[in-house]
2 protein chains.
Amino acid sequence: MSSNSPKTPGPGTRTAVWKSITISLIDDIAQGRYSSGDKLPSEAQLAARFGVNRHTVRRALADMAEQGLVHARRGSGVFVAATPTDYPIGKRVRFHQNISRGGQIPAKRILALETRAADKTEAAALQLEAGEMVHVYDGLSLADDQPIALFQSVFPAHLLPNIRTELEDLQSVTAALKACGIADYTRAETRITAKLATATQALHLRISEGAPLLRTTGVNIDPEGRPIEFGRTWFAGDRVTLTLNGEES
Amino acid sequence: MSSNSPKTPGPGTRTAVWKSITISLIDDIAQGRYSSGDKLPSEAQLAARFGVNRHTVRRALADMAEQGLVHARRGSGVFVAATPTDYPIGKRVRFHQNISRGGQIPAKRILALETRAADKTEAAALQLEAGEMVHVYDGLSLADDQPIALFQSVFPAHLLPNIRTELEDLQSVTAALKACGIADYTRAETRITAKLATATQALHLRISEGAPLLRTTGVNIDPEGRPIEFGRTWFAGDRVTLTLNGEES
DNA sequence: CGTTATGATTTGTCTAGTTGTATAGAACAT
DNA sequence: ATGTTCTATACAACTAGACAAATCATAACG
């Protein structure tokens with residue numbers, strides 16, 4: 001609306017149309033009209049609602065995306081972005097505990113579940129012979145329905161022959177290991193690196209390609225010291241902060 | 001048929017999603033995850049794994065079929081026809097750095113040494129009043145003549161009045177603190193995030209702008225629990241892996 | 001044992017909707 | 001004049017859903 005005073009002491013130009021659309025949409029989000037994870041109306045619909053061209057709406061949405069408020073997915077829509085979360089790492093890494101401690105609702109989605117021969121990296125980490133079979137669990141971790149991280153868990157098949165069915169039912173590594181007789185496990189070592197998101201990683205995590213990722217790799221061992229899981233996780237870097245407490249919990 | 005469209009992605013467009021899926025699948029075949037004659041997972045399963053619509057997977061498979069790597073049989077599946085011959089192996093030397101103790105790395109070059117009022121973040125971390133004076137040490141650490149990390153250490157001036165001269169002489173935070181009467185200190189908490197390199201950071205670290213960085217922030221406390229250092233470090237994600245082994249408490 | 005019917009799974013094709021990119025031009029302010 | 005803002009149009013890339021056609025697994029039946 002240009003009912004604003006035409007002459008402001010500032011830059012001289014009236015507030016741009018796209019800027020007022022940005023403000024209006026941010027206000028809608030703040031009012032709860034669209035909440036985290038929701039899909040906004042399509043650009044065409046928004047253009048009709050504000051009585052402007054689609055490109056003007058796009059200018060506003062681009063501004064909001066730069067602020068990290070929304071994220072667009074081609075062919076699908078524009079979605080309200082998630083809020084950042086802290087994620088503690090240490091000797092005991094338990095996804096459900098970590099997320100629910102912060103008051104968020106954890107969930108996991110299975111992306112792939114297969115059994116195959118271990119590659120060189122996996123064999124070395126799990127202390128296997130080359131070519132031994134492993135169960136591989138690719139998945140996506142969510143907090144409050146927002147994607148937090150991609151992960152891949154590799155289990156030695158000869159130690160945990162039927163963990164695939166357990167994982168399928170329980171969707172939890174801790175619970176599945178328990179069902180297979182591993183009551184407790186600890187993380188031997190964690191390695192952390194920074195990577196850039198590939199196109200498909202970006203799609204899963206609802207970020208843009210080239211955004212920074214936090215990649216952690218680690219091996220979990222049972223009380224007797226045998227490696228039972230080789231895990232790799234890719235966290236959305238601008239949505240997650242890993243916290244490392246000095247004291248062990 | 002849209003036969004062969006040798007269209008190169010324009011300067012503004014990123015890599016197409018289907019193309020990265022192609023690369024990923026070829027990679028899987030090259031690594032022996034799927035070998036010649038095997039049946040690939042169904043299009044629906046692949047779509048779920050890559051977080052993408054089935055049509056996008058089909059575009060990738062069509063590309064691979066055109067290259068003669070796979071062939072599809074309606075009602076049956078997609079089968080691997082041949083294995084790619086040339087496969088690039090990424091080789092890179094990595095510098096391993098343990099973060100569980102103190103978070104200090106051997107410092108090599110001083111970039112700046114100054115005394116000024118603490119900003120809001122620093123004051124909060126060091127439990128200072130707003131505007132209290134701090135000593136700030138900006139530096140660059142190297143290994144084998146390769147820049148590894150940028151770091152900034154902030155010390156409360158009233159607790160460590162003459163640490164600047166010590167730092168200048170010793171170039172080591174641990175040694176300088178010892179010279180100031182702090183025999184031992186521990187890290188209270190470490191926070192880790194992934195960021196993209198700014199132009200100046202890239203220049204110092206000899207990487208390209210937008211390369212992935214590993215940012216750690218932490219506070220060190222003396223035996224009495226008083227915060228004595230607030231440190232921030234930016235590691236070059238391409239060259240560094242942070243390790244956290246379970247032995248440390 | 002062999003054949004057939006049935007249903008589920010998988011690839012092939014089609015239509016429609018949504019965001020991303022490129023180009024061109026009109027209105028307007030400095 | 002010149003640059004910015006907004007409009008207008010067209011196409012590319014990806015999603016979503018539906019349906020057809022080929023194949024496979026299995027049960028039923030002779």
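Just so we're on the same page: letters track the sequence lines, and every chain starts at 1.
- Among pairs with a residue in residues 194-203 of chain B, none fulfils salt bridge (Lys or Arg N to Asp or Glu O under 4.0 Å), at least two apart in sequence or across chains.
- Using a 4.5 Å heavy-atom cutoff, the side chains of His71(B) and Phe79(B) are in contact.
- Side-chain N/O atoms of Thr56(B) and Asn53(B) include no donor and acceptor closer than 3.5 Å.
- Taking atom CZ of residue Arg59(B) and atom C1' of nucleotide dA16(D), one finds them 19 Å apart after rounding to whole Å.
- Whole-Å rounding puts the Ile21(B) CD1 to dT15(D) C1' distance at 13 Å.
- Using a 4.0 Å cut-off, some side-chain N or O of Thr56(A) falls inside it from OP1 or OP2 of dT7(D).
- Regarding Lys19(B), its NZ atom lies at a distance of 18 Å from the P atom of dA12(D), rounded to whole Å.
- The NE2 atom of His71(B) sits 13 Å away from the P atom of dT23(D) (whole-angstrom rounding).
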Dump the pairs, protein N or O against N or O of nucleotides 9-12 of chain C, anything under 3.5 Å, distances to one decimal.
residue : atom : partner  : partner atom : Å
dT10(C) : O2   : Gly75(B) : N            : 3.4
dT11(C) : OP2  : Glu43(B) : N            : 3.0
dT11(C) : O4'  : Gly75(B) : N            : 3.3
dG12(C) : OP2  : Arg58(B) : NH1          : 3.0
dG12(C) : O4'  : Arg74(B) : NE           : 3.2
dG12(C) : O4'  : Arg74(B) : NH2          : 3.0
dG12(C) : N7   : Arg54(B) : NH2          : 2.7
dG12(C) : O6   : Arg54(B) : NH1          : 3.3

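- Straight-line distance from the CG atom of Asn53(B) to the P atom of dT18(C): 15 Å, rounded to whole Å.
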Can you give the donor-acceptor pairs under 3.5 Å from side chains of residues 201-213 of chain B to other protein atoms, not counting sequence neighbours?
residue   : atom : partner   : partner atom : Å
Gln201(B) : OE1  : Thr198(B) : N            : 3.0
Gln201(B) : OE1  : Thr198(B) : OG1          : 3.3

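- Rounding to whole angstrom units, CH2 of residue Trp18(B) and C1' of dA12(D) are separated by 13 Å.
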Hey, can you pull the donor-acceptor pairs under 3.5 Å for the side chains in residues 160-170 of chain A, sequence neighbours left out?
residue   : atom : partner   : partner atom : Å
Arg164(A) : NH1  : Thr115(A) : OG1          : 3.0
Arg164(A) : NH2  : Leu113(A) : O            : 3.3
Thr165(A) : OG1  : Asn162(A) : O            : 3.1

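- The CZ-C1' distance, from Phe50(A) to dC6(D), rounds to 16 Å in whole Å.
- With sequence neighbours left out, the ring-ring contact (aromatic ring centres under 6.0 Å, His included) criterion links Phe230(A) to no other residue.
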Shorter than 3.5 Å, N or O on both sides, protein versus nucleotides 14-16 of chain C: list them out with atom names.
residue : atom : partner  : partner atom : Å
dC14(C) : N4   : His55(B) : NE2          : 2.5

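- Using a 4.0 Å cut-off between a side-chain N of Lys or Arg and a carboxylate O of Asp or Glu, Arg94(A) and Asp184(A) qualify as a salt bridge.
- Taking atom CG on Leu203(A) and atom P on dA16(D), their separation rounds to 11 Å, with Å as the unit.
- A cation-pi geometry, defined here as NZ or CZ lying under 6.0 Å from the six-membered ring centre and within 45° of its normal, holds between Lys108(A) and Phe151(A).
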- [ ] Dump the intermediate steps for salt bridge (charged side-chain N to carboxylate O under 4.0 Å, His left out) on Lys19(B) and Asp63(B), then the final yes or no.
- [x] CA-CA 8 Å; Lys19(B) 190 68 190 170; Asp63(B) 189 46; 3.4 Å; yes

